[in-house]
Trainee: 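I'd like to ask you about the structure that follows.
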Amino acid sequence: AGRLSYDPGFMATASCQSAISYIDGEKGELLYRGYPIEQLAVSCDYMDTCFLLLKGELPTPAEKAEFNNNVADYAMVHEQMQFFFRGFRRDAHPMAVLVAIVGALSAFYHDSLDINDPIHRELAAQRLLAHMPTLVAMSYKYSIGQPFIYPRKDLYYTANFMRMMFGTPIEDYKINDVLVRALDRIFILHADHEQNASTTTVRLAGSSGANPFACISAGIACLWGPAHGGANEAALSMIRSIGSVDKVGEFVKSVKDPANQARLMGFGHRVYKNIDPRATLMRETCHEVLNELGLNNDPLFKIALEIERVALEDDYFVSRKLYPNVDFYSGIVQSALGIPSNIFTGIFALARTVGWIAQWKEMISDPEQRIGRPRQLYVGQPRRDVPPRQK
Ligand code: CMC
């Protein structure tokens with residue numbers, strides 16, 4: 001291979017330098033711009049987190065007010081986008097719709113496409129951040145045949161999203177602060193996660209000079225896979241299929257069987273070899289939400305706790321360092337909030353958009369940035385001549 005190194009899955013390849021987020025997989029630690037995720041989840045809201053990821057520091061109150069205001073200003077999407085939605089089947093997966101709609105933003109906003117112009121870059125960042133809740137809510141409303149609900153400027157980002165999801169023209173959504181805070185925390189926990197598959201996709205797409213809307217659309221397409229952002233939907237359906245606490249032991253046993261291709265969804269991680277700190281926070285959030293809704297005896301939560309208990313005592317999982325990841329509890333929380341499982345990955349995409357944008361901006365401004373172009377080890381036919389073709 002000469003001086004090429006072969007590293008399928010990029011197990012040992014750093015593709016870039018980054019100052020945005022940091023994971024210590026052995027300790028189970030995640031930092032955004034140096035701040036531990038546990039502290040951000042308690043002391044900050046998602047808008048603070050977005051400002052931090054994009055600009056490097058937490059906002060002052062004045063900066064935060066201005067940031068909130070700017071994002072709220074761009075929450076409304078181009079009215080023409082409604083027709084774009086209408087071209088889809090109602091039963092299309094909302095992720096399929098999101099990939100297309102976000103890519104299509106580049107056809108709507110010609111004033112945000114020049115990646116060499118800082119004003120264009122800023123506008124694209126604000127539009128993406130502000131549009132995602134509106135677009136995810138529209139993809140949901142479209143799938144259930146309800147009218148789109150327009151955003152409101154006076155509401156906080158996450159409350160606005162919940163109202164666009166659950167409000168209707170005949171009955172406005174009653175905002176519950178505990179539930180808004182829970183979803184806001186889900187957003188914080190998903191906001192960035194260094195060079196995961198979708199972020200790497202965004203960077204790779206962006207390295208060719210592609211416009212930011214196209215890059216984020218590529219990230220959404222990658223996130224959709226069940227080994228990545230699709231895992232929360234898969235984890236919840238796995239928990240549902242187990243059905244009751246007494247069946248957990250048998251199920252966990254079946255997952256260990258090498259003849260069986262099944263995996264314990266929401267378990268394991270390429271980088272964390274200890275409990276994912278986001279999973280611990282998600283478990284707490286799950287408790288809070290179920291308590292608020294009077295669902296303390298939720299059977300799905302009980303099954304999840306039992307899976308965690310059984311797996312963490314089982315040598316198969318212990319020896320492979322397989323612990324719950326962020327997706328294990330997030331499906332239960334989202335489902336308790338009234339979010340249907342086909343929207344879970346859309347929620348992940350919404351929350352991760354800020355991380356993707358921050359990483360894209362960092363890449364664009366890096367003087368060492370070049371087009372991403374991996375090499376390969378060729379294992380095909382050696383040079384040979386085309387044989388005479390039969391007429
Ligand atoms: N259940 C059962 N066995 C597992 C699991 C699991 N969830 N995850 C890994 N293993 C086993 C795997 O079979 C292999 O065993 P062996 O060494 O005997 O062949 C060993 O553990 C190593 O697995 P791997 O596939 O080489 O590990 P990876 O780093 O390539 O994969 C992963 C990481 C997250 C894709 C994988 O753990 C997985 O498929 N988990 C389930 C899906 C999931 O929860 N994904 C969400 C990840 S976190 C959020 C996000 O990134 O979006």
Side-chain angles (χ1 to χ4, degrees), residues 7-13 21 23 25-26 28-30 37 95 98 186-203 218-239 241-242 248-283 304 307-334 341 343-356 359:
D7 184 14
F10 307 115
M11 301 287 286
T13 298
S21 55
I23 303 173
E26 294 301 323
E29 183 175 71
L30 170 62
I37 191 74
M95 284 302 279
L98 269 187
I186 293 182
F187 290 171
I188 295 173
L189 299 183
H190 286 86
D192 196 51
H193 214 226
E194 50 121 302
Q195 305 313 315
N196 58 83
S198 57
T199 301
T200 302
T201 303
V202 169
R203 279 187 179 255
I220 296 172
C222 175
L223 184 74
W224 190 9
H228 193 5
N232 49 16
E233 190 176 346
L236 184 69
S237 80
M238 175 192 80
I239 294 168
S241 77
I242 296 174
V248 166
E250 192 188 323
F251 182 82
V252 172
K253 202 167 147 209
S254 75
V255 166
K256 296 188 293 178
D257 180 354
N260 183 352
Q261 292 284 304
R263 288 197 160 190
L264 200 47
M265 298 312 285
F267 260 71
H269 198 275
R270 173 63 60 78
V271 185
Y272 291 118
K273 299 302 164 198
N274 201 324
I275 190 154
D276 176 343
R278 302 168 303 168
T280 311
L281 291 159
M282 198 62 85
R283 198 200 299 111
I307 296 173
E308 193 181 346
R309 190 191 68 75
V310 170
L312 297 186
E313 284 176 0
D314 188 310
D315 192 49
Y316 174 96
F317 294 92
V318 174
S319 64
R320 288 172 179 76
K321 300 192 174 161
L322 300 169
Y323 293 88
N325 60 51
V326 68
D327 289 320
F328 190 61
Y329 287 101
S330 78
I332 302 179
V333 183
Q334 292 187 58
S341 58
I343 306 290
F344 292 174
T345 316
I347 301 270
F348 192 159
L350 184 174
R352 181 58 57 84
T353 294
V354 70
W356 289 330
Q359 301 263 355

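In listed order, ligands and their atoms are each counted from 1. Scope of the values below: all heavy atoms of this structure, side chains included, with no hydrogens, waters or symmetry mates. FYI, the numbering just counts along the sequence from 1.
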Trainee: Classify the contact between F328 and ligand 1 as side chain, backbone, both or neither, using a heavy-atom distance cut-off of under 4.0 Å.
Mentor: neither
Trainee: Taking 4.0 angstrom as the limit and counting only heavy atoms of F348, give me the atoms of ligand 1 inside it, by number and element.
Mentor: 52 (O)
Trainee: Taking the side chain as C-beta and beyond, is there a heavy-atom pair between I186 and M282 under 4.5 Å?
Mentor: yes
Trainee: Got the closest protein heavy atom to atom 47 (C) of ligand 1, with its distance?
Mentor: N325 ND2, 3.6 Å
Trainee: For ligand 1, which atoms have a heavy atom of G266 less than 4.0 angstrom away?
Mentor: 43 (C), 44 (O)
Trainee: Counting both backbone and side chain atoms, is some N or O of R278 under 3.5 Å from an N or O of ligand 1?
Mentor: no
Trainee: Less than 3.5 Å between some nitrogen or oxygen of V255 and one of ligand 1, yes or no?
Mentor: no
Trainee: Provide the closest heavy-atom pair for H269 versus Y272 in the form atom of the first, atom of the second, distance.
Mentor: ND1-N, 3.3 Å
Trainee: Would you check if V252 and Y316 make a side-chain contact, meaning some heavy-atom pair closer than 4.5 Å?
Mentor: no
Trainee: F328 and side-chain contact (heavy atoms from CB on, under 4.5 Å): which partner among M238, R283, R278?
Mentor: M238
Trainee: With the side chain counted from C-beta on, respond yes when E233 and M265 share a heavy-atom pair under 4.5 Å apart, and no when they do not.
Mentor: no
Trainee: Is any side-chain heavy atom of I275 less than 4.5 Å from a side-chain heavy atom of E308?
Mentor: yes
Trainee: Can you list the ligand 1 atoms lying under 4.0 Å from a non-hydrogen atom of Y316?
Mentor: 2 (C), 3 (N), 4 (C), 11 (C), 13 (O)
Trainee: Tell me: protein heavy atom nearest atom 16 (P) of ligand 1, and distance?
Mentor: R320 NE, 3.6 Å
Trainee: With respect to A262, determine whether any N or O atom, backbone or side chain, lies less than 3.5 Å from an N or O atom of ligand 1.
Mentor: no
Trainee: In ligand 1, which numbered atoms sit nearer than 4.0 Å to a non-hydrogen atom of A231?
Mentor: 43 (C), 44 (O), 45 (N), 46 (C)
Trainee: Search all heavy atoms of A304 against all heavy atoms of I332 and return the closest pair with its distance.
Mentor: CB-CD1, 3.6 Å
Trainee: Give me the atom names and distance for the closest heavy-atom approach of A349 to I220.
Mentor: CB-CG1, 4.3 Å
Trainee: Is D327 close enough to touch ligand 1? Criterion: a residue heavy atom under 4.0 Å from a ligand atom.
Mentor: yes
Trainee: Determine the minimum heavy-atom distance between S198 and W356, stating which atoms define it.
Mentor: OG-NE1, 3.2 Å
Trainee: Is atom 22 (C) of ligand 1 less than 4.0 angstrom from at least one protein heavy atom?
Mentor: no
Trainee: Considering only non-hydrogen protein atoms, determine which one is nearest to atom 33 (C) of ligand 1 and report residue, atom name and distance to 0.1 Å.
Mentor: R270 N, 3.9 Å
Trainee: Look up atom 1 (N) of ligand 1 and tell me if a protein heavy atom lies less than 4.0 Å from it?
Mentor: yes
Trainee: Heavy-atom pairs closer than 4.0 Å: do any link ligand 1 to the side chain of L322, the backbone, both, or neither?
Mentor: side chain
Trainee: To the nearest 0.5 Å, how far apart are OG1 in T199 and CG in D192?
Mentor: 6.0 Å
Trainee: For atom 34 (C) of ligand 1, find the nearest protein heavy atom and state the residue, atom name and distance (0.1 Å precision).
Mentor: G268 O, 3.6 Å
Trainee: Considering non-hydrogen atoms only, spot the tightest contact between N232 and S330 and give its length.
Mentor: CB-OG, 3.4 Å
Trainee: Report yes if some heavy atom in the side chain of V248 is under 4.5 Å from a heavy atom in the side chain of R309; otherwise report no.
Mentor: no
Trainee: To the nearest 0.1 Å, how far is atom 31 (O) of ligand 1 from its closest protein heavy atom, and which atom is that?
Mentor: R263 NH1, 4.2 Å
Trainee: Measure from atom 35 (C) of ligand 1 to every heavy atom in A311, A227, G9 and give the option owning the shortest one.
Mentor: A227
Trainee: Return the closest protein heavy atom for atom 48 (S) of ligand 1 as residue, atom name and distance.
Mentor: H269 CD2, 3.4 Å
Trainee: For a 4.5 angstrom cut-off between non-hydrogen side-chain atoms, does P277 reach L189?
Mentor: no
Trainee: A side-chain contact here means heavy atoms from C-beta on lying under 4.5 Å apart; do K256 and F317 qualify?
Mentor: yes
Trainee: Got the closest protein heavy atom to atom 42 (C) of ligand 1, with its distance?
Mentor: M265 CE, 3.5 Å
Trainee: Considering the heavy atoms of G229, write down every atom of ligand 1 situated less than 4.0 Å from one of them.
Mentor: 52 (O)
Trainee: Short question: side chain of T200, backbone of Q195 - any donor-acceptor pair under 3.5 Å?
Mentor: yes
Trainee: Looking only at protein heavy atoms, identify the closest one to atom 41 (C) of ligand 1 and say how far it is in Å.
Mentor: F267 O, 3.4 Å
Trainee: Is there at least one pair of N or O atoms, one from L264 and one from ligand 1, spaced under 3.5 Å apart?
Mentor: yes
Trainee: If you scan the protein for heavy atoms around atom 13 (O) of ligand 1, do you find one that is closer than 4.0 Å?
Mentor: yes
Trainee: Is atom 27 (O) of ligand 1 less than 4.0 angstrom from some protein heavy atom?
Mentor: no
Trainee: Side chain, backbone, both or neither: which applies to H228 and ligand 1 if a contact is any heavy-atom pair less than 4.0 Å apart?
Mentor: both
